[in-house]
Amino acid sequence: MKVIYSTDKVKNLCEDLRVAKKFFDGNTMLANSLMARINALKQADTIKDIIVQPAFHFHKLINKNGRDLEGYFAIDVKSRREQWRIILEPLDENEQSYNPCKIDEIAGNVRIVEIMEVSKHYE
């Protein structure tokens, strides 16, 4: 799959282990796990390859605190016990958002994702 990033800052975080370690306050396990998750996304043929793996805990985001999250999804950086999530959006072949984004119908066709952020989304 093709992975693109919302900003250069997000790209550096997801592709530079040193930046990731600093972001996670020196937690090497979280930084390594983030690198592994990004690599798994790049190695997948479609988003369906990620969805079917329980370890990623792929899930839809709900609107929260006035923030419209329709069409956005998250996967765990490391595990359910950790609060960190990779927030992503599936994109079509023209790198445009699906509208509406019915992931069950499009999962086998999604070959591009945009990483929006890495965060403790639920805080």
Side-chain angles (χ1 to χ4, degrees):
M1 226 173 3
K2 180 178 180 182
V3 176
I4 59 177
Y5 302 95
S6 60
T7 66
D8 287 339
K9 183 178 179 181
V10 173
K11 181 178 182 175
N12 289 337
L13 170 61
C14 293
E15 294 191 351
D16 186 329
L17 184 60
R18 191 185 78 239
V19 173
K21 282 169 102 172
K22 184 176 180 182
F23 180 80
F24 291 120
D25 294 324
N27 188 325
T28 303
M29 287 178 39
L30 279 174
N32 286 333
S33 186
L34 175 61
M35 299 294 129
R37 296 292 199 216
I38 298 301
N39 190 46
L41 286 168
K42 290 178 179 180
Q43 297 301 314
D45 287 329
T46 66
I47 195 71
K48 188 173 185 175
D49 296 336
I50 301 299
I51 294 171
V52 298
Q53 295 185 45
F56 288 95
H57 191 253
F58 182 92
H59 57 283
K60 181 178 182 156
L61 297 178
I62 57 172
N63 295 340
K64 182 177 175 184
N65 298 332
R67 188 172 174 197
D68 182 12
L69 299 170
E70 186 66 36
Y72 291 90
F73 300 86
I75 61 174
D76 297 340
V77 168
K78 186 169 183 271
S79 70
R80 297 297 308 140
R81 289 190 300 265
E82 299 286 342
Q83 297 178 351
W84 293 98
R85 305 289 179 262
I86 300 168
I87 311 302
L88 57 88
E89 178 181 26
L91 301 176
D92 66 18
E93 62 277 354
N94 298 316
E95 297 184 3
Q96 299 298 310
S97 301
Y98 284 92
N99 193 6
C101 185
K102 297 181 180 181
I103 198 67
D104 295 337
E105 296 174 13
I106 63 172
N109 298 321
V110 175
R111 299 187 188 284
I112 305 170
V113 293
E114 181 173 11
I115 306 296
M116 304 307 292
E117 65 184 49
V118 176
S119 66
K120 289 185 179 180
H121 173 71
Y122 296 103
E123 278 191 348

When clusters are formed by joining ILVMFWY residues with side-chain heavy atoms under 4.5 Å apart, either directly or through shared neighbours, do [X] and [Y] land in the same one?
X      : Y      : result
Ile115 : Leu91  : no
Val118 : Met1   : yes
Ile87  : Val113 : no
Leu17  : Leu30  : yes
Ile50  : Tyr72  : no

Please report the shortest heavy-atom distance between [X] and [Y], naming the atom on each side.
X      : Y      : answer
Pro90  : Cys101 : CG-SG, 3.9 Å
Phe73  : Ile103 : CZ-CB, 3.7 Å
Ser97  : Glu89  : OG-OE2, 2.5 Å
Ile112 : Glu95  : CD1-CG, 3.9 Å
Ala74  : Leu61  : CB-CD2, 3.8 Å
His59  : Asp76  : CE1-OD1, 4.3 Å

Over 12 foreign heavy atoms within 6.0 Å of CD, Gln53: yes
Can you tell me how far the [atom1] atom of [X] sits from the [atom2] atom of [Y], to the nearest 0.5 Å?
X      : Y      : atom1 : atom2 : result
Ile106 : Arg111 : CD1   : CZ    : 12.5 Å
Phe23  : Asp16  : CZ    : CG    : 13.5 Å
Ile86  : Lys78  : CD1   : NZ    : 13.5 Å
Met35  : Leu13  : CE    : CG    : 6.5 Å
Phe58  : Ile47  : CZ    : CD1   : 4.5 Å
Ile75  : Ile51  : CD1   : CD1   : 10.5 Å

Stepwise side-chain contact (heavy atoms from CB on, under 4.5 Å) test for Asn109 and Thr46: CA-CA 6 Å; Asn109 298 321; Thr46 66; over 6 Å; no
Partners passing side chain to side chain donor-acceptor pair (under 3.5 Å) against Glu82 (at least two apart in sequence or in another chain):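 In terms of side chain to side chain donor-acceptor pair (under 3.5 Å), with neighbours along the sequence ignored, Glu82 is linked to no residue.
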Derivation of the salt bridge (Lys or Arg N to Asp or Glu O under 4.0 Å) call for Glu117 and Arg85: CA-CA 8 Å; Glu117 65 184 49; Arg85 305 289 179 262; over 6 Å; no
Candidates Glu15, Lys11, Glu114 - the one meeting side-chain hydrogen bond (donor to acceptor under 3.5 Å, both in side chains) with Tyr5: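 The single option meeting the side-chain hydrogen bond (donor to acceptor under 3.5 Å, both in side chains) with Tyr5 is Glu15.
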Whether Phe24 and Trp84 hold their rings parallel, tilted or perpendicular, with breakpoints at 30° and 60°: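 It falls in the perpendicular class, over 60°.
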